[in-house]
Amino acid sequence: MPELPDVEGFRRVLAEHTGEPIVSVSVLDAGVLRGVTARRLSAALRGRRFEEPRRHGKWLLAPAGGPVLLLHFGMTGSLSWHPADEPRHRHDRVVWGLRGGELRYRDMRKLQGVRLTDAERAADVLEGLGPDALRVSRGELAGLLSHRRGRLKPTLTDQSVIAGLGNLLADEICWRARISPLRTAGDLDASELAALHRAMRRVLRDSVEAERVPPRDTWLTGARDDPEGACPRCGTPLSARRLSGRTTVWCPTCQPR
DNA sequence: GTCTTTGTTGACTC
DNA sequence: TGAGTCAACAAAGA
């Protein structure tokens with residue numbers, strides 16, 4: 001599920017357990033380790049404590065007094081807190097044992113994974129990313145989209161433009177702003193940019209609060225998977241097509257080209 | 001068996 | 001050089 005709101009939720013999970021000594025590091029599936037061995041990961045973190053974690057886009061950074069743990073959750077990852085005696089899930093890949101329980105990195109598909117860096121190299125990873133979507137001002141959004149010749153939807157999910165928006169959020173934001181995802185990103189006028197920014201803030205704020213993109217019936221997300229899905233706002237049957245390899249859903253009435 | 005999936009990367013093309 | 005598109009990665013459900 002991980003888009004920005006989900007990762008923000010994982011950040012909070014980790015933030016609740018900073019300052020506790022890391023007693024153990026268990027790599028249950030080394031297939032999620034990127035550029036680090038199980039041995040080195042364990043040696044680097046054991047005995048240290050996680051400090052205040054930071055999120056940028058869909059990346060979670062967990063400094064631990066020198067080493068920085070870098071987590072990305074791909075499409076199916078999560079980070080959650082469990083009592084140590086709770087049975088492991090089959091997709092738990094890495095487990096950090098703290099005093100009162102365990103932090104578990106769970107990921108079915110292993111599309112991304114766990115890295116170990118230091119502050120400097122962590123900055124390198126983030127350098128290729130645009131500003132975090134939650135911190136983009138209206139003026140900044142206008143600057144990011146201006147002169148872009150690509151369509152709006154794929155531009156919004158391009159992490160090097162804005163970090164944090166995924167397929168569902170981008171569709172949701174376009175729908176709420178009443179702008180077609182097929183529009184050319186650089187062609188939006190001032191009032192459309194304002195609407196887009198408002199929609200982005202609103203969708204992100206609500207999703208972060210719920211720690212997910214809420215599939216409520218007032219959201220496009222709640223209707224998008226139904227082949228007969230109708231616009232929650234006007235009832236028009238939704239349109240769908242693939243755009244840059246991702247399914248894109250919109251309302252042809254609310255979001256005319 | 002087929003097709004799809006909330007993400008990212010590198011190869012390819014214009 | 002910049003920008004956009006697509007296959008590949010892996011696993012599971014319909």
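Residue numbering restarts at 1 for every chain, and letters A, B, ... go by the order of the sequence lines.
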I need the CZ-C1' distance between R115(A) and dT8(B), as an integer number of Å. 9 Å
Say whether V161(A) and V7(A) are linked into one hydrophobic cluster, either directly or through other cluster members, by side-chain heavy-atom distances under 4.5 angstrom. no
Please check the phosphate of dG4(C) (OP1 and OP2 only) for any side-chain N or O of S244(A) closer than 4.0 Å. no
Rounded to whole angstrom units, what separation is found between the CG atom of D107(A) and the P atom of dA11(C)? 10 Å
For dA3(C), does OP1 or OP2 lie under 4.0 Å from any side-chain N or O of H147(A)? no
Side chain of H91(A) only, please: which of dA11(C), dG7(B), dT5(C) is the nearest? dA11(C)
How long is the line joining CG of L4(A) and P of dG7(B), in whole Å? 11 Å
Tell me the interatomic distance from K58(A), atom NZ, to dT8(B), atom C1', rounded to whole angstroms. 9 Å
I want to check one thing: is the phosphate of dG7(B), taken as OP1 and OP2, less than 4.0 Å away from some side-chain N or O of H72(A)? no
Just do the salt bridge (Lys or Arg N to Asp or Glu O under 4.0 Å) check on E140(A) and R135(A) with the steps written out, would you? CA-CA 9 Å; E140(A) 198 173 3; R135(A) 298 174 200 118; over 6 Å; no
Expressed in angstrom and rounded to an integer, what is the separation of R242(A) atom CZ from dA7(C) atom P? 9 Å
Does a distance-only test, which skips hydrogens and angles, find a donor-acceptor pair under 3.5 Å between the side chain of R246(A) and the base of dG7(B)? yes
Give a yes or no on whether R149(A) atom CZ has more than 12 heavy-atom contacts from other residues, nucleotides or ligands under 6.0 Å away. no
Is it the case that R224(A) places NZ or CZ above or below the six-membered ring of W219(A), under 6.0 angstrom from the centre and within 45 degrees of the axis? no
Taking 4.0 Å as the cut-off, does a side-chain nitrogen or oxygen of Q159(A) come that near to OP1 or OP2 on dG7(B)? no
Is R34(A) touching bases, backbone alone, or none of the nucleic acid, heavy atoms closer than 4.0 Å? nothing
Scan side-chain atoms only and decide if E52(A) and T18(A) contain a donor-acceptor pair under the 3.5 Å cut-off. no
Pick the closest DNA chain C nucleotide for R149(A) and for L243(A) by heavy atoms, then say which residue is nearer the 5' end. R149(A)
Using whole Å, report how far CG of D158(A) lies from P of dT9(B). 11 Å
Could you tell me how far apart R109(A) (CZ) and dA8(C) (P) are, to the nearest whole angstrom? 15 Å
Taking atom P of dG2(C) as reference, at what distance in whole Å does atom CZ of R148(A) sit? 11 Å
Which of these nucleotides, dT5(B), dC9(C), dA12(C), is closest to any side-chain atom of M75(A)? dT5(B)
Side chain of R93(A), heavy atoms from C-beta onward: which of dA11(C), dT5(C), dT8(B) has the nearest atom to it? dA11(C)
